[in-house]
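If you read the sequence from its start, that first residue is 1, and numbering goes on from there.
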Amino acid sequence: MSAMKFCRECNNILYPKEEKERQLLLFACRNCEHQEVAADNCVYRNIVHHEAGERTQVLQDVASDPTLPRTKDVRCSACGHGEAVFFQATARGEEGMTLFFVCCNPSCGNRWRE
């Protein structure tokens, strides 16, 4: 699938268009009358690739988010620091919300849940 399609007649960009009578996806030029049937029904695909470090970094950055609530009622099991940021989210494979904690010690970044 190419990123963009261009008109064979005037070289302008082709835009997706539905032909309801025949239930077809077309690519049509807005400048001239050129239209062509789409080879694939996929108009756009966004594929996101994550590295293992990217996922970890996102959670470590959560500790410096000033909009999230903080608590001093917990102790980090990894470093013993007495402050953590907490938030609720759904855990993979589980129903309902889970309370997540992230240690506020910049050199730790440990995360746990209750």
Side-chain angles (χ1 to χ4, degrees):
M1 180 176 126
S2 65
M4 288 187 190
K5 292 186 171 279
F6 295 94
C7 179
R8 293 180 189 155
E9 305 296 323
C10 63
N11 290 327
N12 282 304
I13 198 166
L14 294 177
Y15 294 93
K17 177 183 173 184
E18 176 188 14
E19 187 177 294
K20 293 182 182 188
E21 298 83 35
R22 296 190 300 168
Q23 294 184 339
L24 287 176
L25 177 65
L26 302 172
F27 283 101
C29 180
R30 292 183 181 170
N31 190 43
C32 68
E33 298 296 318
H34 178 75
Q35 293 183 354
E36 56 187 67
V37 177
D40 187 11
N41 287 336
C42 182
V43 176
Y44 179 77
R45 178 178 295 148
N46 184 17
I47 300 173
V48 180
H49 299 280
H50 287 287
E51 298 286 328
E54 285 179 299
R55 292 184 184 142
T56 305
Q57 186 61 38
V58 169
L59 286 176
Q60 287 176 345
D61 291 344
V62 167
S64 60
D65 187 344
T67 63
L68 288 175
R70 296 173 179 268
T71 182
K72 293 186 179 190
D73 295 336
V74 295
R75 286 236 171 255
C76 175
S77 61
C79 71
H81 191 73
E83 184 178 16
V85 170
F86 63 96
F87 58 94
Q88 281 189 322
T90 55
R92 278 184 294 218
E94 294 182 14
E95 292 184 20
M97 300 295 278
T98 304
L99 188 59
F100 289 93
F101 292 91
V102 179
C103 180
C104 288
N105 182 353
S107 61
C108 179
N110 182 37
R111 54 190 181 274
W112 67 96
R113 62 185 182 167
E114 280 188 3

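Arg111 CZ to Cys103 SG: the interatomic distance, rounded to the nearest 0.5 Å, is 12.0 Å. In this structure, CG on Leu14 lies 11.5 Å from CE on Met4, to the nearest 0.5 angstrom. Considering SG of Cys7 and CG of Asn12, their distance stands at 7.0 Å, rounded to 0.5 Å. Taken from CD in Gln23 to CG in Asn41, the straight-line distance is 10.5 Å, to the nearest 0.5 Å.
For the pair Arg70 (side chain) and Val85 (backbone), a donor-acceptor distance under 3.5 Å is absent.
For the pair Asn110 and Ser77, the minimum side-chain heavy-atom distance is below 4.5 Å. At least one side-chain heavy atom of Thr71 sits less than 4.5 Å from a side-chain heavy atom of Phe101. Side chains of Glu36 and Arg8 form a contact here, defined as non-hydrogen atoms less than 4.5 Å apart. Counting only heavy atoms from C-beta outward, the side chains of Phe6 and Cys29 never approach each other to under 4.5 Å. Using a 4.5 Å cut-off on side-chain heavy atoms (C-beta onward), Lys17 and Gln35 make contact. Side-chain contact between Glu19 and Leu25 is absent, with no heavy-atom pair separated by less than 4.5 Å.
Listed here is the closest heavy atom pair of Cys76 and Cys108: SG-SG, 3.7 Å. Minimum heavy-atom separation, Leu99 to Gln88: CD1-CG, 3.9 Å. Pairing each heavy atom of Val102 with each of Ala63, the nearest pair is CG1-CB, 4.1 Å. Across every non-hydrogen atom of Glu9 and Cys32, the tightest pair is CB-SG, 3.9 Å.
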ask   = Should Phe27 and Val37 be marked as a side chain to side chain contact (heavy atoms under 4.5 Å, CB included) after you check the CA-CA gap, both sets of side-chain angles, and the distance that decides it?
value = CA-CA 6 Å; Phe27 283 101; Val37 177; over 6 Å; no
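A cation-pi arrangement is found for Arg30 relative to Tyr15, the charged atom lying closer than 6.0 Å to the ring centre and inside a 45° cone about the ring normal.
Below 30°, between 30° and 60°, or above 60°: for Phe100 and Phe87 the angle between ring planes is below 30°, a parallel geometry.
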